[in-house]
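Atoms considered below: every heavy atom in the structure, side chains included; atoms not considered: hydrogens, waters and symmetry mates. Quantities reported herein were computed from a predicted structural model and do not represent experimental measurements. Chain letters run A, B, ... following the sequence lines, proteins first, then strands; residues in each count from 1.
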Amino acid sequence: MPPPLTNHPILSSLNDAQRRAVSSDAATVAILAGPGSGKTHTLTSRVVWLIDHVGYRPEDVIVATFTVKAARKMKERIGKALGHGREKKIVLGNFHSIARRYLAAYGRKIGINQKFGIADDGDSRSIISRICKRKEVTLDPVAVRAWISKKKAKGDEVDAKPPGKKAAKTAGEKDLEECYDEYQAHLKNSNLLDFDDLLVRCVELLREFPSCVSNIQTVLIDEYQDTNGIQYELMKLFAQRHKRITIVGDPDQSIYGWRSAEIQNLWRMLKDFPGTDEISLEQNYRSSDAILRLSLLVIQQDKKRYQKALKPVHGRGSRPVLRRLKSASAEADWIVSEIRRVIIMSGSMLTFNDVAILLRSASLSRHIESALGKSGIAYRMVGGKKFYERLEIKAILDYLRVIYQPENNDALARIINVPKRGVGDVTIKSLLEEAEGSSLSVWAILTKHCRGDRTAKTKIPKPMEQRIAAGLIRPMDNIRRKMEEAAKPDGATFGLVDMIEQLLAGLNFQKHLQDTHPDDHEQRWANLEEFVTLAGDFVRDLNESIEDDLLPEIEGLEQSKEDEVLPRFLANVSLASDVQTGENEENKPMVTISTIHAAKGLEWPIVFVPAVYNGSIPHMRSDDNDEERRLLYVAMTRAQSLLYLSCPLFSTNGNGERNQLSSFVEPMHRAFATKGPCFDRPVMLEIAKVLGRTLPPEDEVFKALPSMFNPEDSLFPVDPEESKEVSVGGTEGRTSNDAPRAKRPRLSNKSSGQNGAEDAQWHRDYTTTMEGASSFTVSALPGFVSAGAHQAAITAANAAAEARQKAEQVKKLANRRALDQKSILGFVKSTSSSTADSTPLPSSRSSLPAQTGFAPPQVTANPGQQPIPPSLATHKPAKGTLLSRPSRPAPAPNEMPKGKAYPCFSSSPVKPDIKQDPDEEDDEPPPEPTRVAACLHSTTFTKPTLLSVGKGAGGLTRPSPVGRVGKTPIAPIDRLRKPFKPLTIKRQ
DNA sequence: TCATGCCAAGTTTTT
DNA sequence: CTTGGCATGA
């Protein structure tokens, strides 16, 4: 008999459904949590509840997330709620790192050498491509790798193979099998496990030796929709003793299918654990109503998905924008101008920190980075190139790996000629083959050869031998010797940092960089210095046991102790997609550029999603359109207040090819505004309300406006076609590269008319005059709503009344599934067993209401689940200006807690109210261009140029490191790893 | 025979 | 801006 629920403090910050999820007594709990519904908050609260209230020991709880970032955030939040540093004892991490921990501790039991290393992406690739090359049949290494990884990730090969199966195999499959076996043998020789192996072997371990997890009372899984088969197995095995599992996930946000994530796992779970308590969290605390509606419109095109509501807590907000631009660079320039405009119009209530630009692929960042750089806006790039993948860093890492694992032939092969030692491909290949043929590692062959103990079969000319001996073997031996000395009780300390520094010195690496990269050796060297400080941070954290990843002792089970720093550092590097984000001491506001994948779980007040065209999203190389759509949905639902999608009309690379608006938004493109909103007082006040911030007084905002500032989004034509003089024919085939296209659109005569012909591409054949009219009238007069929209509002109001009635009825059961909402299990069963749609949605085109403005999303298709919020019911078209916009009726207090009640919701750090002195931005729009480029992406970083630094428009096509310290360029450290931390390097 | 330098071509998402 | 292929020189 648990005490009354309401008394526990952890429950006070939760809504009904969340509270039920947190305090559920069921052994297995499935929490279905839409975006912004407080998923993480709920999960952390449940952890705290299970420990504090139910009484499990922290060390008997496993919390598995999908990414390192999520794990870290989770740990931090649990720590805050739990206190006493007890969160450190929880077995918490992403799947891979938890599996690695178990294998390090108990891997011996299943024959894993305790000193195993982790084969990262590059390792796997090079091993496989070598195997493929050796075969007579030409196999695509990439495909082979994907096949192998899929095979491992599926995890269901536990079922004994039927003996006759071999015969049925096609020749291709046999080749693949062979590659698989060779690959595994190779990994074994080098004592490596690849990412999938970590999971596969851990499953093996826990299956054979359940005692390793005999202490585990309960298991919690975050982002469950991203688990794959093997992770599902692992989850079950973690929980095998007591079978208490809590999962949190959202099928709509499953974007890792390409990594074998299986949405079906949700169904598997419900089937495998019949008593599972299903709870939906449908309140959205993040985004404005308008953003949610459009996001829902997008995701609802997927007719097979599990229907789930998204109930707004906030007011309507401004209409999301779908902007058409001429080219990618115009798009980037527009984004910059729009960022500026918002921030200035907000009187600096909003800062660069509040802005995110989310991309389908990292390569899209080029133009945007350059535009941001040009105008002196600092930014950080998340995703894309990784710090540890930089050439110079990778080389040093490979050296470290060889020091730790001399038998790692692949790592050695990569560095044997870095710096140049006159060893070429042929020699390397020969060495590798010799190593495979004998029982010796390449390292052993080399050392023996140089010592004269054994002559290598590979031909090694004298000069080469000498360079290897002096340049490679000697410095490495020196380091190993020092390590051994340090291991002795009275030995001088020789830490990781010493090791790296010694290595850099012994290899004369700085000189090597100067020789091989004369243009940017300084940056690369700076990267290495940063790497040294990173290593230092890691060691320090380890000593302060911030990174406490030891497993609890279990009676009668002996653990291998992992006391060495080096292996843990290497594992950390391989498994971590990002290094811990240090606190932003300097607090320099930066715009975030991120891939959509990397943005999952995060939120920003202002979100831009550029390149919304077919080929980008959905990506041309993707074969799962539904997943691509979900990706767009994830991107859109990151936004709190302002959401901008944009689409360049012409692609930049393929000579003037036309881009086609993404088919995900094409059907509802009229629900978007065609340009950025007018940021008058009411709009800004609403933004402030959603964000829980205070808007500076109007006169202050006004005073801070730079002269010549354009308060509207009118610098770029709403219809970029108009600036093209030769657009008469408009035939698709015409690809001649006419020069005028590259010109910036003229700002004057922007209001020149648009005509139906130009609209045709976007509005299609069903365009009516009325619609056409509204589309430009609305954009010309922000705030004016067309009659069509009014009509929509009235229908919506009726629907809303009905919906509300229904909502009243089911309110008592709000925590459970709505009455007419099927169980997930039922849903999956019905869709998988029958072809008929259980909830048929009209085809998106015909279902689109003929009106512009906000169409209630699929009201008829989904009665009772999409209650129209009161805001729309009472909405009246404003008259002329937004000033008369009716304020939103107060939400029912019990149902709609204000933002303050959920202080922990935001995934991003709590943003302080900005109290900048207003006189700061008196004359020029560009904020003082200090160190722009602290985070410059290496791809866009060029040599510092002094021209045009203050101008911002001096014809630079790439960001220049504007506020450099002294005369040295700032290193283009990829701030993915340490987004906020200022450079720690001291340069002379 | 092999190392090296030059030129050309392509570029999803991540543990 | 990195990788792969080719020609040249040792």
Distance in angstrom units between [X] [atom1] and [N] [atom2], rounded:
| X | N | atom1 | atom2 | result |
| --- | --- | --- | --- | --- |
| A/I428 | B/dT1 | CD1 | C1' | 16 Å |
| A/N228 | B/dT14 | CG | P | 16 Å |
| A/N614 | B/dT12 | CG | C1' | 16 Å |
| A/L431 | B/dC2 | CG | P | 12 Å |
| A/K394 | C/dT2 | NZ | P | 14 Å |
| A/K150 | B/dT15 | NZ | P | 17 Å |
| A/R630 | B/dT13 | CZ | C1' | 13 Å |
| A/F95 | B/dT14 | CZ | C1' | 15 Å |

Ranking B/dT15, B/dT14, C/dT2 by distance to the side chain of A/R524, first place goes to C/dT2
As a test of reading the structure: which of B/dT13, B/dT15, C/dT3 is closest to the side chain of A/N94, going by heavy atoms?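 Output: B/dT15.
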Partner of A/R145 under side chain to side chain donor-acceptor pair (under 3.5 Å), chosen from A/D194, A/D140, A/D121: A/D121
Could I get the full list of side chain to side chain donor-acceptor pair (under 3.5 Å) partners for [X], not counting sequence neighbours?
| X | answer |
| --- | --- |
| A/D120 | none |
| A/Y232 | A/D272 |
| A/S124 | A/Y183 |

Quick one: list whatever passes ring-ring contact (aromatic ring centres under 6.0 Å, His included) with A/W258, sequence neighbours left out. A/Y256, A/H597
Which residues satisfy the ring-ring contact (aromatic ring centres under 6.0 Å, His included) test with A/H521, sequence neighbours excluded? none
Of all residues at least two apart in sequence or in a different chain, which pass the side chain to side chain contact (heavy atoms under 4.5 Å, CB included) check with A/I263?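 By the side chain to side chain contact (heavy atoms under 4.5 Å, CB included) rule, A/I263 matches A/P251, A/S254, A/R630.
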Using the 3.5 Å cut-off, write out each protein N or O paired with an N or O of nucleotides 4-9 of chain B and the distance between them.
{"unit_1": "B/dT4", "atom_1": "OP2", "unit_2": "A/N417", "atom_2": "ND2", "d": "3.3"}

Strictly under 3.5 Å: I want the nitrogen or oxygen pairs between protein and nucleotides 4-10 of chain C, one per line.
none

Using only heavy-atom distances, decide whether a donor-acceptor pair under 3.5 angstrom links the side-chain of A/R360 to the base of B/dT13. yes
[N] OP1/OP2 closer than 4.0 Å to side-chain N/O of [X]:
| X | N | value |
| --- | --- | --- |
| A/T427 | B/dA3 | yes |
| A/S616 | B/dT12 | no |
| A/R621 | B/dT12 | yes |

If you round to the nearest 0.5 Å, how far is NE2 of A/H512 from CD of A/E392? 10.0 Å
A/Y256 over B/dT13, stacked by centroid distance under 5.5 Å, angle under 30°: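 Aromatic stack with B/dT13 absent for A/Y256.
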Just wondering, do A/L566 and A/Q405 contact through their side chains at under 4.5 Å, heavy atoms? no
Hey, which of these two, A/R145 or A/H619, hits DNA chain B nearer its 5' end, going by closest nucleotide? A/H619
When A/V426 and A/E628 are each assigned the nearest nucleotide of DNA chain B, the 5'-most assignment goes to A/V426
Residue pairs involving residues 415-425 of chain A (criterion side-chain hydrogen bond (donor to acceptor under 3.5 Å, both in side chains); sequence neighbours excluded): A/Y399-A/R421
